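To keep things clear, I will list the structure first and then write my remarks on it.
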Amino acid sequence: MKHLRGIPELGVEGIVRILNLADHMVEVNRRPVPKVPALVGRTVVSLFFEDSTRTRISFETAAKRLSADIMTFSVSTSSVNKGESLRDTIETVSAMGVAAFIVRHKTSGVPWQVSQWTDASIINAGDGWHQHPTQALLDCHTIRTELGRPATEDCLAGLRIAIVGDVRHSRVARSDIQAFTALGARVVVVAPRTLLPPEVHTWPVEVTSDLDSVVADVDVVYMLRMQRERMSEALVPDLGEYSNRFGLDHARAARLRDECLVMHPGPMNRGVEMLVDPADLRRSVVTRQVSNGVAVRMAVLFDVLGDTNPEVAS
Ligand code: NCD
């Protein structure tokens with residue numbers, strides 16, 4: 001695979017391939033020295049035009065564990081501030097001999113555009129409201145490993161997953177829905193009508209605005225962050241009312257099935273969508289999502305840049 005820009009171009013075989021590689025990377029990460037020489041001599045540049053904590057650090061940790069050289073392009077101190085265009089920035093940095101760019105941008109479609117300006121591989125770390133493929137892959141990996149299922153094309157079959165909150169502005173929701181349904185899960189989207197995209201009826205999901213009617217009947221509750229920075233209009237007039245109807249509070253948490261997983265991509269708005277501390281929940285896997293993120297991003301970097309023989313990552 002040359003690029004990882006979105007879940008649809010990866011396809012179900014691609015998802016399964018990454019999940020299998022991720023198992024191998026989890027094993028590498030458990031070693032006393034969690035590092036392999038798989039990408040020695042390859043240079044990876046992380047280009048984040050939007051704020052990020054966990055995704056950037058996670059990719060950088062992943063690249064280092066595979067022995068790649070990772071350069072961080074910090075937009076706030078770069079020539080972008082002198083008016084350099086995205087295209088000039090990409091062409092300049094690629095002329096230095098870069099094997100892959102990890103790109104996050106507030107505009108949907110940027111990773112596809114950028115891949116026309118360079119021979120390097122492009123890994124999408126989030127574009128606008130559109131795609132966040134590595135988040136979806138780490139979420140699939142987390143769910144199936146928590147349930148002890150091997151990485152197969154139907155490894156999420158039989159599961160009903162609720163995705164709750166600001167679906168309209170969420171690239172995580174879009175990528176997760178594609179990946180979860182590709183692996184056989186059923187998805188129910190729970191949101192106020194104003195936080196649903198107009199095209200939701202074309203998605204392979206059930207839709208409801210009644211969280212109480214689904215909490216006791218799902219295998220995973222995936223809470224989304226209220227994306228206030230991506231909203232241009234006041235879609236939720238009253239945040240308190242939003243929390244009452246769509247927040248995970250103690251009463252709803254008490255109604256979850258014993259084995260129901262609770263997930264959140266982070267960063268969390270405590271007191272808005274999360275009214276309970278995930279640490280108090282029996283089956284919260286929020287921290288596990290973060291640690292799995294490193295292994296899954298190692299798998300993606302290896303798939304995009306590594307030798308086709310996985311033994312090289314041994
Ligand atoms: C997400 C993102 O940036 O899309 N965060 C993340 O990558 N962990 C979700 C969010 O911002 O709510």
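Computed from a predicted structure; not experimentally measured. Throughout, numbering of the chain's residues begins at 1 and tracks the sequence.
The side chain to side chain donor-acceptor pair (under 3.5 Å) analysis of residues 282-292, with sequence neighbours excluded, yields the pairs Asp139-Gln289, Thr142-Asn292, Glu146-Arg283, Glu146-Arg288, Asp258-Arg282. Among residues at least two apart or in separate chains, side chain to side chain donor-acceptor pair (under 3.5 Å) pairs with a member in residues 178-188 are Gln131-Gln178.
Remark: the backbone N or O of Leu138 is not paired with any side-chain donor or acceptor of Arg297 at under 3.5 angstrom. For Asp249 (side chain) and Arg252 (main-chain N/O), a donor-acceptor pair under 3.5 Å exists by modelled atom type. Of the possible polar contacts, none joining the Lys35 side chain to the Leu66 backbone as a donor-acceptor pair under 3.5 Å is found. Checked by atom type and distance alone, the side chain of Ser175 never pairs as donor or acceptor with a backbone atom of Val172 at under 3.5 Å. With Ser85 contributing its side chain and Asp88 its backbone, the two residues share a donor-acceptor pair below 3.5 Å. At least one donor-acceptor pair closer than 3.5 Å links the side chain of His264 to the backbone N or O of Gly266. A distance-only check finds no donor-acceptor pair linking the side chain of His105 to the backbone of Phe49 [under 3.5 Å]. In this structure a side-chain-to-backbone donor-acceptor pair under 3.5 Å is present from Arg255 to Asp212. Side chain of Arg149 to backbone of Cys155: a donor-acceptor contact under 3.5 angstrom is found. A donor-acceptor distance shorter than 3.5 angstrom exists from the side chain of Asn20 to the backbone of Val16, with no hydrogens or angles considered.
Connection of Met274 to Val290 is not established within any shared hydrophobic cluster, with ILVMFWY side chains joined at heavy-atom distances below 4.5 Å, either directly or through further cluster members. Residues Val26 and Val286 fall into different hydrophobic clusters, defined by Ile, Leu, Val, Met, Phe, Trp and Tyr side chains chained together at heavy-atom separations under 4.5 Å. Phe73 is connected to Val110 through a chain of hydrophobic side-chain contacts under 4.5 Å among Ile, Leu, Val, Met, Phe, Trp and Tyr, so both are in one cluster. The cluster map of Ile, Leu, Val, Met, Phe, Trp and Tyr, joined by side-chain heavy atoms under 4.5 Å apart, puts Trp112 and Leu4 in different clusters. In the hydrophobic clustering of this structure, Ile57 does not group with Leu137; members are Ile, Leu, Val, Met, Phe, Trp, Tyr whose side-chain heavy atoms approach within less than 4.5 Å, directly or through other members.
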What do the steps show when you test Thr134 against Phe59 for side chain to side chain contact (heavy atoms under 4.5 Å, CB included), and what is the final call?
-> CA-CA 10 Å; Thr134 57; Phe59 266 115; 3.6 Å; yes
Could you please spell out the steps behind the side chain to side chain contact (heavy atoms under 4.5 Å, CB included) verdict for Ser52 and Thr55?
-> CA-CA 6 Å; Ser52 168; Thr55 306; 3.5 Å; yes
Run the side chain to side chain donor-acceptor pair (under 3.5 Å) check on Thr152 and Asp154 step by step: do they pass?
-> CA-CA 5 Å; Thr152 60; Asp154 59 355; 3.0 Å; yes
Report the C-alpha distance between Val304 and Lys2 in whole Å, list the side-chain angles of each, state the deciding distance to 0.1 Å, and finish with yes or no for side chain to side chain contact (heavy atoms under 4.5 Å, CB included).
-> CA-CA 5 Å; Val304 167; Lys2 164 100 179 171; over 6 Å; no
Evaluation steps, side chain to side chain contact (heavy atoms under 4.5 Å, CB included), between Arg17 and Leu10 | CA-CA 10 Å; Arg17 189 175 69 243; Leu10 186 60; 4.3 Å; yes
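Within 6.0 Å of the CG atom in Asp51, the count of heavy atoms belonging to other residues, nucleotides or ligands does not exceed 12. For Asp210, the CG atom sits in a packed shell: over 12 heavy atoms of surrounding residues, nucleotides or ligands are nearer than 6.0 Å.
Side-chain contact between Asp219 and Arg257 is present, with at least one heavy-atom pair separated by less than 4.5 Å. Proximity of Asn124 to His132: side-chain heavy atoms (C-beta onward) are nowhere separated by under 4.5 Å. The shortest distance between side-chain heavy atoms of Val205 and Val188 does not fall below 4.5 Å. Here the side chains of Ser170 and Leu224 are in contact, with some heavy-atom distance below 4.5 Å. The shortest side-chain heavy-atom distance between Glu273 and Val164 does not fall under the 4.5 Å cut-off. Annotation: side chain of Ile18 is in contact with side chain of Met1 (closest heavy-atom distance under 4.5 Å). The shortest side-chain heavy-atom distance between Pro267 and Thr53 does not fall under the 4.5 Å cut-off. Side-chain contact between Gln113 and Arg87 is absent, with no heavy atoms from C-beta onward closer than 4.5 Å.
Contact check on Arg270 versus Asp277 returns a salt bridge, with a Lys/Arg side-chain nitrogen under 4.0 Å from an Asp/Glu carboxylate oxygen. Of the charged side-chain nitrogens involved, none lies within less than 4.0 Å of a carboxylate oxygen, so that Asp166 and Arg225 do not count as a salt-bridged pair. A salt bridge links Asp217 and Arg160; the closest N-O separation between the charged side-chain nitrogens and carboxylate oxygens is under 4.0 Å.
Interatomic distance, CD1 of Ile70 versus CZ of Arg65, reported as 13.5 Å (0.5 Å rounding). Ile163 CD1 to Ile177 CD1: the interatomic distance, rounded to the nearest 0.5 Å, is 4.5 Å.
When all heavy atoms are compared, the tightest approach of Tyr242 to Gly165 is OH-CA, 3.1 Å. Listed here is the closest heavy atom pair of Leu305 and Ala99: CD2-O, 3.6 Å.
Geometrically, Arg104 does not engage Phe48 in a cation-pi contact, judged by NZ or CZ lying under 6.0 Å from the ring centre and within 45° of the ring axis.
Partner of Glu50 under the salt bridge (Lys or Arg N to Asp or Glu O under 4.0 Å) criterion, out of Lys106, Arg171, Arg56: Arg171 alone. A side chain to side chain contact (heavy atoms under 4.5 Å, CB included) with Phe101 is found for one member of Ser115, Pro111, Ser94 and no other, namely Ser94.
If you check the side chains of Ser46 and Glu60, you find a donor sitting under 3.5 Å from an acceptor. For the 3.5 Å distance criterion, the side chains of Arg193 and Ser209 fail to qualify, holding no donor opposite an acceptor.
Taking the six-membered ring where the residue is Trp, Trp129 and His169 present perpendicular rings, their angle passing 60° and hence far from 30°.
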